[in-house]
Amino acid sequence: MTLLTQFVEGLDSGRVKIVDLTQPLGPETPVIGLPPQFGASPGVTMEVISKFDDKGPGWYWNVIHMGEHTGTHFDAPIHWITGKDLPDNRCDTLPVRRFVGPACVIDVSREVAANEDFLLMPAHVAAWEKEHGKIPTGAWVLLRTDWSKRTDAASFLNVKADGPHSPGFHQTTSELLAKDRDVTGVGVETVGTDAGQAGTFTPPFPNHTIMHGAGKLGLASLRNLDQLPATGAVVIAAPLKIVNGSGSPLRVLAIVES
Ligand code: MN
């Protein structure tokens with residue numbers, strides 16, 4: 001039996017499961033807000049082209065309009081100024097092999113329940129590795145915060161008088177993961193891969209700055225990370241092949257062995 005026939009047999013028998021790590025994408029999808037001097041990413045709008053009517057008696061289809069970074073979405077290195085001149089740094093030129101990799105799920109849901117501005121530190125990574133082994137080259141490191149259980153936009157974006165509050169990575173952790181562990185990228189349950197307050201950090205948005213500067217990828221607004229084991233799942237996260245695209249909404253799937 002080949003690896004792939006075994007894989008299909010595993011799917012058929014239920015020993016291999018597919019977990020959907022994706023939020024629904026539609027007009028209700030929350031979108032990141034930026035200070036007013038910056039360009040804003042619009043929410044999703046949909047317009048019917050035809051729906052079994054005069055404009056198309058036998059068919060239904062829509063026009064969709066949204067920013068590239070909407071809902072569950074992919075960040076390519078060209079998204080950030082630090083990654084803008086790297087080779088193969090955009091949605092249409094990234095090698096597809098990079099979209100598939102082992103998942104390392106770091107569960108900090110308890111810490112985040114106590115502190116919505118929680119930042120993952122290198123010491124948390126060290127503690128995780130002591131229990132689960134070293135994060136392998138090419139891993140997708142997924143930060144489980146249970147933030148995706150905030151299903152209403154206001155508590156998901158969690159904007160206060162001083163700006164948004166949500167968990168993320170300390171700069172030194174992003175450096176460790178990008179440079180020392182050589183991961184494929186990081187995935188988070190929050191609206192972006194930096195903490196809510198990261199615009200006030202030095203440098204601002206350190207995770208984007210460091211990860212994309214190292215050619216690494218990002219996944220935002222994931223859900224169902226609580227259905228994944230700490231290790232052993234494989235993530236498939238392939239963005240739309242948008243020419244010169246900086247990112248794209250996508251369907252993120254995890255393959256899990258039960
Ligand atoms: Mn993004």
Side-chain angles (χ1 to χ4, degrees), residues 21-26 28-35 38-44 64-84 86 88-94 98-99 101 119-120 140-145 147-148 150 153 156-159 163-169 171 173-174 177-178 183-201 203-223 225 235-252:
L21 305 186
T22 319
Q23 283 187 5
L25 182 66
E28 306 301 317
T29 299
V31 173
I32 196 167
L34 296 181
F38 300 124
S41 184
V44 176
I64 52 176
H65 183 257
M66 73 193 80
E68 289 171 328
H69 298 251
T70 302
T72 300
H73 74 269
F74 181 97
D75 289 357
I78 197 178
H79 179 42
W80 221 253
I81 190 164
T82 48
K84 73 182 180 63
L86 295 175
D88 299 333
N89 62 351
R90 52 200 74 192
C91 287
D92 56 325
T93 61
L94 280 160
R98 297 193 62 199
F99 301 149
L119 298 180
L120 189 78
W140 281 109
V141 174
L142 306 181
L143 188 62
R144 178 187 161 193
T145 56
W147 201 262
S148 59
R150 296 174 173 233
F156 181 74
L157 297 173
N158 202 33
V159 179
H165 289 264
S166 56
F169 301 90
Q171 165 182 356
T173 310
S174 301
L177 295 175
V183 301
T184 282
V186 294
V188 299
E189 296 182 46
T190 47
V191 74
T193 64
D194 263 294
Q197 285 287 291
T200 69
F201 296 175
F205 308 106
N207 187 70
H208 283 82
T209 301
I210 293 159
M211 281 286 160
H212 297 323
K216 305 307 184 189
L217 315 177
L219 298 172
S221 297
L222 298 174
R223 62 166 50 174
L225 297 186
V235 165
I236 303 177
L240 297 178
K241 202 168 181 175
I242 300 169
V243 175
N244 293 322
S246 76
S248 115
L250 80 173
R251 194 75 178 251
V252 182

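Both counts, for ligands and for their atoms, begin at 1 and track the order of listing. Hydrogens, waters and symmetry mates are skipped; everything else that's a heavy atom, side chains included, is used. Residue indices begin at 1 and follow the sequence shown.
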Counting only heavy atoms not in Ile64, do more than 12 sit closer than 6.0 Å to its CD1 atom?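 For Ile64, atom CD1 is not crowded (no more than 12 foreign heavy atoms under 6.0 Å).
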Got a sec, which residues hit side-chain contact (heavy atoms from CB on, under 4.5 Å) with Pro24, two or more places apart in sequence or on another chain?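 Scan of Pro24 (side-chain contact (heavy atoms from CB on, under 4.5 Å), adjacent residues dropped) gives Arg223.
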With sequence neighbours excluded, what pairs up with His165 under the side-chain contact (heavy atoms from CB on, under 4.5 Å) test?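 His165 satisfies side-chain contact (heavy atoms from CB on, under 4.5 Å) with Glu116, Asp117, Asn158, Lys160, Asp162, Gln197 once adjacent residues are dropped.
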Going by the side chain to side chain donor-acceptor pair (under 3.5 Å) test, name the single residue among Ser148, Ser221, Ser166 that passes it with Glu189.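 Checked Ser148, Ser221, Ser166 against Glu189; only one passes side chain to side chain donor-acceptor pair (under 3.5 Å): Ser148.
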Would you list the atom pairs, donor with acceptor, under 3.5 Å between side chains in residues 76-83 and any protein atom, with sequence neighbours excluded?
{"residue": "His79", "atom": "ND1", "partner": "His69", "partner atom": "NE2", "Å": "3.4"}
{"residue": "Trp80", "atom": "NE1", "partner": "Thr209", "partner atom": "OG1", "Å": "3.3"}
{"residue": "Thr82", "atom": "OG1", "partner": "Thr209", "partner atom": "O", "Å": "2.9"}
{"residue": "Thr82", "atom": "OG1", "partner": "Gly213", "partner atom": "N", "Å": "3.3"}

What protein N, O or S atoms come within a distance below 2.8 Å of the Mn ion (ligand 1), ordered by chain and number?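 Listed by chain and number, the atoms are His69 ND1, His73 NE2, Asp75 OD1.
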Least distance between heavy atoms, Asp194 atom then Asn207 atom: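 Taking Asp194 first and Asn207 second, the nearest heavy atoms are OD1-N, 2.9 Å.
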